[in-house]
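Single-structure report; data block below.
One-based numbering, in listed order, for ligands and for the atoms of each. All values reported here derive from a predicted model rather than from experimental measurement.
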Amino acid sequence: MSATVFSAGFQQLGDTFYSEVAASPLPEPQLAAWNAELAASLALPAEPDEALLATLAGNQPPVGAQSIATVYSGHQFGVWAGQLGDGRALLLGELQGQEIQLKGAGLTPYSRMGDGRAVLRSSIREYLCSEAMHGLGIPTTRALALVASPEPVWRETRETAAVVTRVAPSFLRFGHFEHFFYGGNEAALRQLADYAVQRYFPDCLTAANPYQAMLEQVIARTAELIADWQAVGFCHGVMNSDNMSLLGLTLDYGPYGFLDGFDGGHICNHSDHAGRYAYGEQPEIGLWNLHCLAQALLPLLDREAAIAGLKRYQPLFEEALGERFAAKLGLRARQESDWPLLSRLFELMQASRTDWTIFWRRISHFDSSPGALNEPIRDLFLDRTAFDGWAWDYKARLAQEGSTDAERHTEMRQVNPKYVLRNHLAETAIRAAQAGDYSEIARLQALLTRPFDEQPENEHYAALPPDWANDLSVSCSS
Ligand code: AMP
Ligand code: MG
């Protein structure tokens with residue numbers, strides 16, 4: 001078996017942008033999960049050999065490139081936080097044009113108060129959700145491998161260490177640009193922006209101002225991404241500017257959560273006391289972060305053009321959101337009057353705390369024939385009469401565009417997933433893994449690769465959360 005050879009990408013920028021760091025050895029590494037499909041796309045074997053496993057554990061340096069920790073800064077919870085950086089992540093290099101990063105590989109010059117490690121619990125959450133989002137068709141960083149170890153790591157209690165191998169075309173964050181702007185290093189800012197445009201936004205090169213064109217693409221991608229999150233009921237939990245991907249990918253899975261019972265003000269992160277990153281705030285926060293990025297790029301931009309670009313965010317987001325929800329309702333043509341229909345639905349769902357995923361899946365089987373009660377959907381609401389009123393109008397709207405049930409049902413099942421990674425599902429895999437059994441991780445990974453398929457043998461994974469799930473709390477501790 002020949003060694004896996006990484007190529008240097010980001011490393012070519014020079015050491016203003018990173019520190020060369022060797023991973024800290026991880027004792028007794030065990031492969032807890034492996035993504036064979038992603039491995040194949042990276043020209044890696046169907047199972048990692050000993051040498052590759054040692055590299056992914058951090059026990060053997062990558063061949064072909066130097067492992068690095070990149071430096072960035074950022075705004076955390078609305079406040080300028082100064083220098084942050086890869087405090088526990090190492091970029092090994094690239095395979096097939098994709099950056100390969102180890103998360104939890106030990107101390108770096110940017111670890112600040114941290115230990116450079118990630119615990120098994122949060123690593124399983126990151127591994128599974130990356131692949132769940134990919135299965136849902138939502139842009140995200142990917143997860144290739146999960147390596148566990150008995151090495152103790154202290155959080156609120158004693159836990160154990162793990163390393164996730166993450167994969168993305170680029171792990172560039174808004175915060176990378178903020179770092180050089182606030183550090184007053186315009187040459188480095190320009191160098192980084194040139195790298196980003198050339199590698200990731202090449203169609204911007206011919207624009208009058210390529211940096212402005214790139215900013216506009218990031219604005220559009222962010223609007224699309226957050227519309228995706230809102231539609232599927234995903235809450236990121238820590239939308240700090242250092243967790244925002246330049247490529248519009250879902251990045252840094254921490255205290256995220258999928259909505260169970262609908263609450264527009266749902267806060268998934270127990271450390272987020274003010275609800276800055278609540279479900280309903282995400283679209284606005286997306287724009288707030290884009291302002292941070294635009295501010296950082298300002299030395300390369302025309303101020304008025306940058307402002308005009310940012311003003312495009314709201315209409316782009318609304319367009320993207322309208323598209324997603326029309327599809328979720330099985331409507332082909334869109335009308336202004338669909339917004340009131342939707343907001344009435346949200347009011348009813350809010351009042352009943354109707355389960356988000358179950359509702360959308362059930363309405364994907366809405367019976368529009370005269371007299372049909374649609375009891376499985378109706379039963380999700382406390383005020384059944386109010387639901388009947390809404391259903392009447394929905395039915396009229398469907399009739400207006402000549403919608404046929406069978407055809408619409410098929411289409412709606414492609415956009416309203418049956419399976420999402422609810423906290424309690426991840427928790428079950430975590431508890432088993434902490435006891436040495438990794439099989440639930442693989443089962444969930446397989447399940448969530450096909451979230452729109454019925455999978456009758458997996459019906460129980462689509463059920464309401466059990467009572468014990470009410471006591472689960474996720475915080476920034478990872
Ligand atoms: P996060 O809240 O996970 O996005 O992390 C914010 C910053 O803290 C980033 O610079 C991380 O690299 C750093 N960080 C988080 N946890 C640790 C840790 N256990 N050790 C070192 N740095 C960490
Ligand atoms: Mg982060």
Side-chain angles (χ1 to χ4, degrees), residues 10 17-19 21-24 26 58 67-91 99 101-127 129-130 140-141 143 149 151-164 166 168 170-180 182-183 225 235-247 249-257 267-273 276-277 282 285 289 292-293 474-478:
F10 198 90
F17 299 89
Y18 57 79
S19 302
V21 185
S24 303
L26 188 75
S67 64
I68 60 169
T70 72
V71 63
Y72 55 82
S73 295
H75 283 82
Q76 297 184 313
F77 289 89
V79 179
W80 174 242
Q83 182 184 301
L84 302 165
D86 293 326
R88 52 176 172 172
L90 292 182
L91 181 62
E99 289 188 348
Q101 194 190 63
L102 303 184
K103 182 168 176 181
L107 291 171
T108 79
Y110 317 115
S111 299
R112 299 178 297 144
M113 314 298 281
D115 55 10
R117 288 299 186 193
V119 296
L120 179 61
R121 165 179 54 87
S122 64
S123 304
I124 292 173
R125 285 173 53 83
E126 170 131 26
Y127 181 90
C129 202
S130 308
T140 178
T141 62
S149 161
E151 171 155 292
V153 176
W154 287 93
R155 293 296 179 258
E156 281 83 1
T157 59
R158 181 184 192 274
E159 299 191 46
T160 56
V163 176
V164 180
R166 305 198 290 192
S170 168
F171 286 92
L172 274 172
R173 301 149 189 272
F174 292 6
H176 279 105
F177 297 90
E178 291 182 276
H179 182 74
F180 296 103
Y182 287 101
L225 176 70
C235 307
H236 181 284
V238 205
M239 290 175 69
N240 293 337
S241 64
D242 54 297
N243 289 338
M244 296 294 292
S245 151
L246 188 75
L247 302 192
L249 309 173
T250 312
L251 171 65
D252 276 9
Y253 292 90
Y256 67 81
I267 304 166
C268 63
N269 176 1
H270 283 241
S271 316
D272 181 11
H273 305 293
R276 178 179 171 84
Y277 300 135
Q282 296 188 127
I285 292 292
N289 284 322
C292 292
L293 177 65
V474 288
S475 68
C476 280
S477 156
S478 63

- Task: If the plane angle is over 60° it's perpendicular, under 30° parallel, otherwise tilted; pick one for Y72 and H176.
- Result: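 Correct class here is perpendicular.
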Identify the closest protein heavy atom to [atom]: which residue and atom is it, and at what distance?
| atom | answer |
| --- | --- |
| atom 2 (O) of ligand 1 | N243 ND2, 4.5 Å |
| atom 8 (O) of ligand 1 | R112 NH2, 2.8 Å |
| atom 10 (O) of ligand 1 | G85 O, 2.6 Å |
| atom 5 (O) of ligand 1 | D242 OD2, 4.7 Å |
| atom 15 (C) of ligand 1 | R88 NE, 3.7 Å |
| atom 6 (C) of ligand 1 | Q76 NE2, 3.7 Å |

- Task: Mind checking the CG-OH spacing from N240 to Y277? Nearest 0.5 Å is all I need.
- Result: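 Rounded to the nearest 0.5 Å, the CG-OH separation comes out at 3.5 Å.
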Look at ligand 1 and say whether [X] reaches it with a heavy atom at a distance under 4.0 Å.
| X | result |
| --- | --- |
| M113 | no |
| K103 | no |
| C476 | no |
| D115 | yes |

- Check whether any N, O or S atom of N240 sits under 2.8 Å from the Mg ion (ligand 2).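 Of the N, O and S atoms in N240, none lies under 2.8 Å from the Mg ion (ligand 2), which means no.
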- Query: Relative to ligand 1, is Y72 under 4.0 angstrom through side chain, backbone, both or neither, heavy atoms considered?
  - Reply: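 Under 4.0 Å from ligand 1, Y72 contributes side-chain atoms alone.
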- Query: At under 4.0 Å between heavy atoms, which part of R117 makes contact with ligand 1: side chain, backbone, both or neither?
  - Reply: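 Backbone only.
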Flag side-chain contact, heavy atom, 4.5 Å: [X] against [Y]:
| X | Y | value |
| --- | --- | --- |
| D242 | E178 | no |
| T141 | Q101 | no |
| F77 | D272 | yes |
| F180 | V71 | yes |
| S477 | E156 | yes |
| N289 | N243 | no |
| L91 | D86 | no |
| V238 | Y256 | no |

- N/O to N/O below 3.5 Å, does that happen between G116 and ligand 1?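 So ligand 1 has an N or O lying under 3.5 Å from an N or O of G116.
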- Task: Return yes or no for this condition: an N or O of G87 is under 3.5 Å from an N or O of ligand 1.
- Result: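 Min N/O separation from ligand 1 is below 3.5 Å for G87.
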Quick check on contacts: which atoms of ligand 1 are under 4.0 angstrom from a heavy atom of [X]?
| X | answer |
| --- | --- |
| G114 | 18 (C), 20 (N), 21 (C) |
| R155 | 19 (N) |
| D252 | 4 (O) |

- Would you please say whether a donor-acceptor pair under 3.5 Å links the side chains of S475 and R155?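 R155 and S475 do not have a side-chain donor-acceptor pair below 3.5 Å.
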- Message: Can you confirm if the NZ or CZ of R125 lies within 45° of the ring axis of Y253 and under 6.0 Å from the centre of its six-membered ring?
- Response: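 Ring-cation test returns no.
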- Task: Would you verify that at least one protein heavy atom lies under 4.0 Å from atom 20 (N) of ligand 1, or report that none does?
- Result: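 True for atom 20 (N) of ligand 1.
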- With respect to the Mg ion (ligand 2), what is the nearest N, O or S atom of D252?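 The closest N, O or S atom of D252 to the Mg ion (ligand 2) is OD2.
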